[in-house]
Amino acid sequence: MHEITPGKWYSGVDPGEVLRYSGVPDANACGDKWVEEAVLAVNQVGQAASPKRVTRECAFSSSDGLCRLDSLTFRSVSLAEHLKGCDRAVLFAATLGSGVDTLIRRCSAVSMSRAVILQGAAAALTELYCDVQCESLEGAYAQAGYYLRPRFSPGYGDFPLECQQTVIELLGAYKYAGIAVSSGGQMTPMKSVTAVIGLSRERGSAEGSCASGKCAGCPNTSCPFRRA
Amino acid sequence: MRGMPQYQLPLPPRVNGGDENIKTGEITMKKITELLGKKILFFDGAMGTMLQGSGLKAGELPELLNITSPGLITSVHKKYYDAGCHIATVNTFGANACKLRGSGYSVEQVISAAVECANAAREQSEGCQEKFIAMDMGPVGRLIEPMGDLSFDEAYGLFSEMAVCGEKAGANLILIETMGATYEVKAAVLAAKENTSLPVFVTCAFDASGKTFTGADCEAVAALLEGLRVDAYGLNCGLGPDELYPVIRQFSEISSLPLIFNPNAGLPRQKDGATWFDVSPEAFASSMRKAADLGLSVMGGCCGTTPAHIGAMINLCRDVPARQVSDKGITMVSSYTHAVRIGKEPVIVGERINPTGKKRFKEALRNDDISYILGEGISQQDAGAHILDVNVGIPGIDEPSMLVKAVTRLQAVIDLPLQIDTSSVEAMEKAMRRYNGKPLINSVSGKEESMRAVFPLVQKYGGTVVGLALDEEGIPPTAEGRVAIASRIIATAAEYGISRKDIVIDGLTLTVSAEPESANVTLETLRRVKSGLQVCTTLGVSNISFGLPRREVVNAAFYTCALCAGLDCAIINPKSEAMMNSYYSYRALCGFDPACADYIARYSASADAAPAPATMSMTLKSAIIAGMSEAAASAVRGRLTADKPDDPMEIIRNELIPALNEVGDGFEKGTVFLPQLLMSAEAAKASFEVLKEVLAGSGSDEKIGRVILATVKDDIHDIGKNIVKVLLENYRFEVIDLGRDVPAETILDNVLKYNVKAVGLSALMTTTVVRMEETIRLLRDHVPDVKIFVGGAVLTEDYAMQIGADAYCRDAMASVRYCQELFDNR
């Protein structure tokens with residue numbers, strides 16, 4: 001039985017989570033062979049990844065659903081609601097890097113079953129990497145008396161997807177992390193995330209912290225990957 | 001800027017006696033390349049940092065200030081010239097048509113205003129150093145295919161426009177900077193060199209691991225840029241001078257061209273919402289002084305550096321004597337991630353991507369079946385190849401297009417350097433142009449015509465070229481004759497500026513069964529070329545054994561002999577156990593494998609391995625259901641070679657299809673999951689491959705129907721479409737896969753071309769479902785009878801109907817069921 005390489009930033013990823021993203025809702029239902037595949041995929045993706053993140057703190061305000069984030073002004077009731085009580089926010093972008101895309105493309109040419117599991121591992125590692133980064137931000141901002149809200153990405157609720165491009169430009173995310181937006185509004189490398197993280201002087205509600213909030217705070221209740 | 005430490009400007013620069021203050025473009029242009037390597041030239045520092053300090057808001061296009069606030073831009077340039085720099089980088093980093101779209105200004109307006117600002121500063125500054133103006137070209141901000149959606153030609157067009165405007169406005173050189181993707185670098189360099197006569201400097205952005213963000217290491221970047229014959233190259237941005245010191249040191253060890261070092265003023269920090277950099281001018285200068293000892297030719301700063309940083313650096317470094325740049329003589333070829341050095345350790349060039357004598361390969365080429373070629377490439381990489389030979393020449397196909405397609409598609413999935421192998425000069429040029437890296441070129445010969453055709457391509461695009469020891473008179477029968485031709489190839493290459501490090505001589509392997517002395521002549525040629533001409537060597541090893549039984553026995557023995565005689569690059573089949581035995585043994589015996597570690601790793605495991613599981617005993621059906629490809633294939637083989645072989649069609653009807661149905665039903669009921677479904681599909685595919693050999697030509701291998709699959713325009717996520725493809729093929733549909741980001745017109749053209757009755761479209765996001773709707777509308781207008789089924793993350797049944805699709809398929813099995821119904825009904 002293989003194990004996830006110890007001592008790496010991705011050592012803590014849950015193979016069950018990888019399988020969940022690969023279309024296997026219950027790892028126990030399909031036996032050790034698949035857990036083994038998931039572990040192999042985690043190690044492969046972890047080795048191919050060159051994760052990077054960029055952040056930038058800026059002012060935030062909203063009134064009647066009109067949000068002002070640095071030089072960006074747009075309408076989003078859901079973001080305004082999510083960042084209620086925040087006067088500042090952190091723009092956030094993170095990526096696993098283009099090596100992971102190449103790995104998945106390579107595998108797709110010979111075995112789609114393995115490609116699907118690599119894709120699941122890449123999704124799980126992206127989440128984990130973002131969580132680890134947010135935990136470190138949480139620690140840094142705690143000293144300044146700020147709490148972090150869960151990540152909220154363009155495309156969630158009515159937060160316009162088009163804002164992704166501006167967030168990337170404001171962060172210089174192409175220059176510093178190689179994250180670009182295609183003409184169709186999709187991010188490359190594919191395992192990339194942009195988000196806004198609210199900073200508030202008061203601890204958030206039941207939706208949890210930046211690192212652990214995740215599904216609970218997401219308005220998409222019909223998502224097939226939503227956790228119970 | 002809040003939080004930005006304020007520093008005093010240094011003393012005015014010292015006047016260099018005798019140097020004139022050159023201002024005209026033509027004189028300066030000659031002068032800067034003449035000065036390279038004679039003394040250290042200094043670039044300016046950051047423009048963006050200075051503009052942010054003057055109130056530039058985040059998200060604003062700084063390039064527009066060339067027009068709206070020329071005084072501000074001029075004042076920044078003047079401060080840098082006053083601090084003593086030689087080269088002002090104009091404010092055109094993002095002045096490409098893509099970024100300026102909607103700004104109200106043209107590329108030419110922005111660039112000519114930018115150069116005017118720098119010119120004005122040059123007039124105003126009283127510093128007595130030579131002053132040059134660099135046209136600045138930063139990344140487009142979108143990744144080139146296959147990593148992104150921008151085409152190589154689009155990128156080339158954007159850079160060409162910038163370069164032409166820069167030269168017209170009076171810039172003295174072109175600086176291509178902050179590049180993270182080598183493919184984009186190549187597009188920009190070709191654009192600059194083909195459309196202007198300006199010197200070209202290139203700097204890439206590296207991280208602390210010594211790689212660019214697309215994974216290129218120093219050797220990959222050096223091989224590419226030296227091949228493209230830029231005037232100077234190096235690195236900028238990313239990190240501070242101390243963090244990047246190991247990277248620039250590595251460059252200094254391998255580079256044969258003048259080196260540039262423009263790091264940031266340390267790492268960006270944030271305080272109260274403002275960004276500042278943590279290295280002071282004094283600390284920056286001291287770190288740069290240390291780097292200067294590496295023999296750098298050009299030094300400056302990037303993000304966070306100010307006139308104070310640049311002035312302090314110049315004060316400390318201007319008296320450091322420049323070091324003459326020397327040719328390091330390293331033979332290497334590269335991919336987009338790494339280089340392979342030739343001449344140190346034995347290198348394996350995988351020979352399998354070549355249709356000669358391969359029926360299945362020829363069929364794949366005629367059917368445009370690139371996936372077969374990708375499979376051959378991946379398996380050779382897994383078997384240990386360092387470089388892959390790519391030859392797709394068969395009569396009756398468009399070889400230039402096929403070679404470009406094979407090279408670009410291989411580079412999308414494999415990071416090994418490629419050997420472009422063709423006798424068509426047109427195919428060679430097209431493939432070299434689109435190759436991401438520095439390729440091995442196979443080949444040039446001693447014929448005048450061949451050298452006249454091939455050397456200019458190597459000179460322009462870069463590459464290491466295989467020189468065949470033959471000429472107009474044929475192949476000399478003696479080693480002397482072959483060495484003489486090799487010498488002529490090397491001498492003629494030098495006339496094109498191609499040094500001997502970029503020549504690899506092929507002494508030619510002839511069939512030993514026809515020419516008893518042929519092996520001896522080849523081995524003697526190897527020895528003489530290696531010791532006498534001091535160039536690297538290559539051989540197509542397996543040619544030795546044509547016409548003999550058990551060819552691998554002779555091949556492996558000859559391979560070992562050739563290695564001992566000085567063979568550097570062996571073109572062999574890395575999947576041959578006998579050849580790899582020679583390779584690993586030679587490395588262990590000749591000091592290339594310390595402590596025999598690689599040998600032990602390879603062979604101790606095979607000795608200790610547990611016996612293989614008894615897969616032979618599995619039934620075909622159970623092997624498919626368990627998703628075991630090897631077991632399924634060997635079960636079929638067993639059935640076909642039994643004393644009473646089974647009828648292939650019976651095997652398909654009675655076992656393959658029922659097994660697939662059982663798994664498919666399980667998937668629909670939720671007892672089998674997606675990876676299991678696909679693994680069973682792969683096992684079934686392995687069985688079909690075995691059956692195909694028997695059925696080929698019998699007419700029994702007919703498909704149920706033909707289906708086009710595509711991910712719509714602007715959508716680059718294709719994993720869902722690829723899953724559907726695997727399953728449809730399994731259920732005996734012929735799939736024409738048009739790939740991802742496919743324009744509606746291309747889909748329509750293919751529907752008409754192949755007379756297809758069903759089209760499957762995939763789209764991931766709401767933004768690209770709009771494209772799906774447009775595609776459906778176009779198809780409805782021109783081919784109303786074609787059936788369209790759709791799928792993708794954001795689609796629902798209602799949404800699919802709303803955009804005019806015939807069917808919504810929630811998963812891959814639903815697509816199969818829809819197509820089965822469609823074609824059965826017909």
Side-chain angles (χ1 to χ4, degrees), chain A residues 19 22-26 29-30 34 37 48 50 52 55-59 70-72 88 95 97-99 101-102 104-117 119-120 155 161-162 166 168-172 174-186 188-190 224, chain B residues 57-60 138-139 141-143 146-150 178 180-181 205 207 209 211-215 237-238 268 270 272-273 275 337 371 374-375 378-379 412-415 627 673-679 681-682 713-719 722-723 725-726 741 764-768 771:
Chain A
L19 290 172
S22 311
V24 182
D26 179 7
C30 59
W34 293 95
E37 287 285 343
S50 48
K52 290 188 173 61
T55 57
R56 175 195 168 96
E57 189 193 319
C58 61
D70 203 319
S71 57
L72 192 59
R88 299 194 72 75
T95 183
S98 59
D101 288 2
T102 307
I104 294 172
R105 259 199 314 273
R106 182 184 197 275
C107 191
S108 298
V110 282
S111 167
M112 279 310 294
S113 61
R114 298 222 54 241
V116 162
I117 297 176
Q119 167 88 6
L161 194 59
E162 294 71 39
T166 319
I168 280 175
E169 276 166 18
L170 289 172
L171 285 166
Y174 186 81
K175 193 169 169 179
Y176 294 114
I179 305 172
V181 177
S182 71
S183 59
Q186 300 181 340
T188 51
M190 293 193 204
Chain B
K57 297 266 187 326
E60 283 179 352
R142 279 164 59 198
L143 282 166
M147 289 179 182
D149 67 325
L150 187 69
T178 323
D207 63 20
S209 72
K211 290 185 176 173
T212 70
F213 67 67
T214 55
C237 204
Q270 290 200 328
D272 301 327
T275 305
T337 56
S371 60
L374 300 186
I378 290 170
S379 61
V413 298
I414 292 173
D415 63 358
F673 302 112
L674 181 62
Q676 295 168 296
L677 176 73
L678 289 165
M679 208 165 245
E682 283 154 14
K713 174 79 187 143
D714 285 346
D715 204 312
I716 53 175
H717 293 258
D718 59 356
I719 195 157
N722 293 339
I723 292 169
K725 179 186 174 187
V726 167
D741 192 11
L764 179 79
M765 305 196 319
T766 45
T767 44
T768 50
R771 299 275 173 260

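So that the names make sense, note that chain A is the first sequence line, chain B the second, and so on, each numbered from 1.
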Can you tell which part of B:Ala205 gets under 4.5 Å to a heavy atom of chain A, answering side chain, backbone, both or neither?
neither
Among B:Gly141, B:Gly375, B:Gly215, B:Gly148, which has the most heavy-atom pairs under 4.5 Å with chain A?
B:Gly141
Residue B:Glu60 versus chain A: region with a heavy atom under 4.5 Å:
neither
Assert top hit (heavy-atom pairs under 4.5 Å, partner chain B, pool A:Ile168, A:Leu72, A:Ile104, A:Val116) equals A:Val116
Chain B contacts, top residue of A:Lys52, A:Glu37, A:Glu169 (heavy-atom pairs, under 4.5 Å):
A:Lys52
Part of A:Thr166 within contact of chain B (heavy atom distance under 4.5 Å):
neither
Okay, A:Val24 and chain B: the region with an atom under 4.5 Å from a heavy atom over there is both
Are the side chains of B:Leu143 and A:Tyr174 in contact, using a 4.5 Å heavy-atom criterion?
yes
Main-chain N/O of A:Met112 paired to B:Glu682 side chain as donor or acceptor, under 3.5 Å:
yes
Heavy-atom closest contact (B:Ile719 atom, A:Ala115 atom, distance):
CD1-O, 4.0 Å
Atom OH of A:Tyr176 and atom OG1 of B:Thr178: how far apart are they, to the nearest 0.5 Å?
8.5 Å
Which atom pair, heavy atoms only, marks the closest approach of A:Leu161 to B:Met765?
CD2-CE, 3.7 Å
Between B:Pro675 and A:Trp34, which heavy-atom pair has the shortest distance, and what is it?
CB-CZ3, 3.2 Å
pair A:Ser50-B:Lys211: side-chain heavy atoms closer than 4.5 Å:
no
Let's go through A:Gln186 and B:Thr768 carefully: what are the C-alpha distance in whole Å and the side-chain angles of both, what is the deciding distance for side chain to side chain contact (heavy atoms under 4.5 Å, CB included) to 0.1 Å, and is it a yes or a no?
CA-CA 9 Å; A:Gln186 300 181 340; B:Thr768 50; 3.7 Å; yes
Could you report the tightest heavy-atom contact between B:Asn722 and A:Ser108, atom names first, then the distance?
ND2-CB, 4.4 Å
Chain B contacts, top residue of A:Ser113, A:Ser111, A:Ala59 (heavy-atom pairs, under 4.5 Å)
A:Ser113
Side chain, backbone, both or neither: which part of B:Asp718 has an atom under 4.5 Å from a heavy atom of chain A?
neither
For the atom pair CD1 (A:Ile179) and CZ (B:Phe213), what is the distance rounded to the nearest 0.5 Å?
10.0 Å
Can you confirm whether A:Arg105 sits close enough to B:Val413 that some side-chain heavy atom of one is under 4.5 Å from a side-chain heavy atom of the other?
yes
Counting C-beta onward and ignoring hydrogens, is there a side-chain heavy-atom pair between B:Ile378 and A:Arg106 closer than 4.5 Å?
yes
Please name the pair of heavy atoms, one in A:Gly184 and one in B:Thr767, separated by the smallest distance, quoted to 0.1 Å.
O-OG1, 3.5 Å
OG1/A:Thr188 to CZ/B:Arg142 distance, rounded to the nearest 0.5 angstrom?
9.0 Å
Please give me the minimum heavy-atom distance between A:Ser22 and B:Leu674, naming the atom from each residue.
O-CB, 4.0 Å
Which atoms of B:Leu374 come close to chain A, meaning under 4.5 Å heavy atom to heavy atom: side chain ones, backbone ones, both, or neither?
side chain
Heavy-atom pair count under 4.5 Å with chain B, highest-scoring of A:Gly172, A:Pro25, A:Gly120, A:Gly99
A:Pro25
Out of B:Ile723, B:Asp715, B:Thr766, B:Asp741, return the one with the most heavy atom pairs under 4.5 angstrom to chain A.
B:Asp715
Can you tell which of B:Gly180, B:Ala412, B:Ser371 has the highest number of heavy-atom pairs within less than 4.5 Å of chain A?
B:Ala412
